[in-house]
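Notes for the one structure printed next.
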Number of protein chains: 2
Amino acid sequence: MARSPKTAGKGRKLSNFLCFAIYSANLAFGRAYKPLLDKVGLTYTQYIALVALSDEDEQTVSALGEKLFLESNTLTPILKKLEQMGLIKRHRDPADERQVRLSLTPAGRRLIEQDLGGSLIEATGLGDDFPVVQKTVSRLRDNLLRATKADD
Amino acid sequence: MARSPKTAGKGRKLSNFLCFAIYSANLAFGRAYKPLLDKVGLTYTQYIALVALSDEDEQTVSALGEKLFLESNTLTPILKKLEQMGLIKRHRDPADERQVRLSLTPAGRRLIEQDLGGSLIEATGLGDDFPVVQKTVSRLRDNLLRATKADD
DNA sequence: TCCATATAAATCGTATCCGATTAAATCGGA
DNA sequence: TCCGATTTAATCGGATACGATTTATATGGA
């Protein structure tokens with residue numbers, strides 16, 4: 001899969017793999033963000049987590065994980081780092097001590113309101129297609145996750 | 001950036017970020033491939049590297065890196081693992097001992113000719129749009145890399 | 001020829017991802 | 001009430017990414 005149906009069977013070229021297009025586009029986004037995020041001392045994943053946290057206060061790790069498609073094994077170290085940087089607060093929910101509640105600090109909110117990636121819209125070169133591509137790729141993701149979850 | 005131009009300034013929701021759509025679609029592809037690749041003992045990155053190597057024999061690490069948008073720091077450990085698994089051969093070029101030449105072994109070629117991801121085409125749910133999306137995302141990647149390289 | 005420069009790959013440290021396991025807290029039926 | 005099953009985070013180990021450095025080789029001008 002991840003290759004065009006049209007070329008199935010032969011021409012097993014990387015350029016025909018959708019999975020590789022996504023994989024390499026993800027690397028490209030990481031590199032495009034790097035110089036912008038370096039200025040504020042954030043990594044790409046930390047930045048994405050921070051954006052998700054700006055959605056709503058007092059989210060649990062699980063709830064954040066559902067938004068990001070990640071679990072506590074990945075998130076816990078990142079969240080501890082963000083807390084250590086003074087950008088978020090973590091505390092056990094008194095009503096259920098198993099859960100950890102997450103909230104941005106004022107510093108974290110200020111940082112995220114800077115619209116750090118704004119200058120990259122033009123760099124995508126997508127123009128008016130931007131929202132279409134965004135929706136198509138999101139749909140692709142949801143389809144893949146549904147199919148993966150279906151047969152496991 | 002990575003957010004739709006239309007929503008810039010407010011509604012800083014993750015769902016409006018193109019970078020997040022790509023990031024999460026990449027995770028989704030990795031998970032969709034996982035059960036298929038587990039059967040043959042490959043990781044996702046190893047699989048992608050193997051496909052790129054099937055293009056052509058006697059590629060150098062740098063040449064492979066250009067195709068994959070990676071460098072020797074990432075590739076060397078992966079290539080050593082693939083060699084250890086008996087799927088590729090690595091040897092210094094006698095004409096220039098700085099370079100390492102890479103080729104698939106018969107076992108490596110047999111493995112890659114199985115069309116391991118074929119069953120995932122349907123899972124993308126893209127239908128006839130598959131090749132269009134593949135091209136659009138590749139173009140997005142190239143635009144981002146060009147823009148990133150431009151101002152560094 | 002000699003050596004400073006350049007190039008290719010490898011190495012190292014940090015930060016993700018992720019499967020598997022663990023630890024702590026909660027829940028629910030006997 | 002009590003204890004086994006469940007749930008939530010955290011921990012651990014293996015495999016990427018990647019900036020920075022190192023090592024080995026090659027090149028070119030004095």
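Side-chain atoms are counted along with the backbone in the values below, which use heavy atoms only and exclude waters and symmetry mates. Each chain gets a letter, A, B and so on, in the order its sequence line appears, and its residues count up from 1.
Of the candidates C:dA25, C:dT16, D:dT16, C:dA25 carries the atom nearest the A:Glu97 side chain, counting heavy atoms from C-beta on.
Remark: P of D:dT16 and OH of B:Tyr33 are 16 Å apart, rounded to the nearest angstrom. Distance CG (A:Leu102) to P (D:dA10): 8 Å, rounded to an integer number of Å.
Residue A:Tyr44 places no side-chain N or O under 4.0 Å from the OP1 or OP2 atom of D:dC18. Between B:Ser72 and C:dT11, a side-chain N or O to OP1/OP2 separation shorter than 4.0 Å is absent. Using a 4.0 Å cut-off, some side-chain N or O of A:Thr60 falls inside it from OP1 or OP2 of D:dA9. In terms of phosphate contacts, A:Lys80 brings no side-chain nitrogen or oxygen within less than 4.0 Å of OP1 or OP2 of C:dA15. Within the 4.0 Å cut-off from OP1 or OP2 of C:dT14, not a single side-chain nitrogen or oxygen of A:Thr43 is found. Look at B:Tyr23 and you'll find a side-chain N or O under 4.0 angstrom from OP1 or OP2 of C:dC17. Listed pair B:Thr76 / C:dT11 fails the phosphate criterion, with no side-chain N or O lying under 4.0 Å from OP1 or OP2. Residue A:Lys34 places no side-chain N or O under 4.0 Å from the OP1 or OP2 atom of D:dC18.
As judged by a 4.0 angstrom heavy-atom cut-off over every strand, A:Gln46 is placed among residues touching the sugar-phosphate backbone only. Within 4.0 Å of A:Arg90, counting heavy atoms only, lie sugar-phosphate atoms of the nucleic acid but no base atom. In this structure, B:Leu75 reaches neither bases nor backbone, as no heavy-atom distance under 4.0 Å exists between it and the strands shown.
Checking C:dA30 for Watson-Crick or G-U wobble geometry (two distances, each under 3.5 Å) identifies D:dT1 as its partner.
Between A:Phe20 and B:Arg141, the closest heavy-atom pair is CE2-NH1, 3.8 Å.
Centroid-to-centroid, the aromatic rings of B:Phe29 and A:Tyr23 stay 6.0 Å apart or farther.
Two residues, A:Ala95 and A:Asn26, neighbour DNA chain C, and the one matched to the more 5' nucleotide by heavy-atom proximity is A:Asn26.
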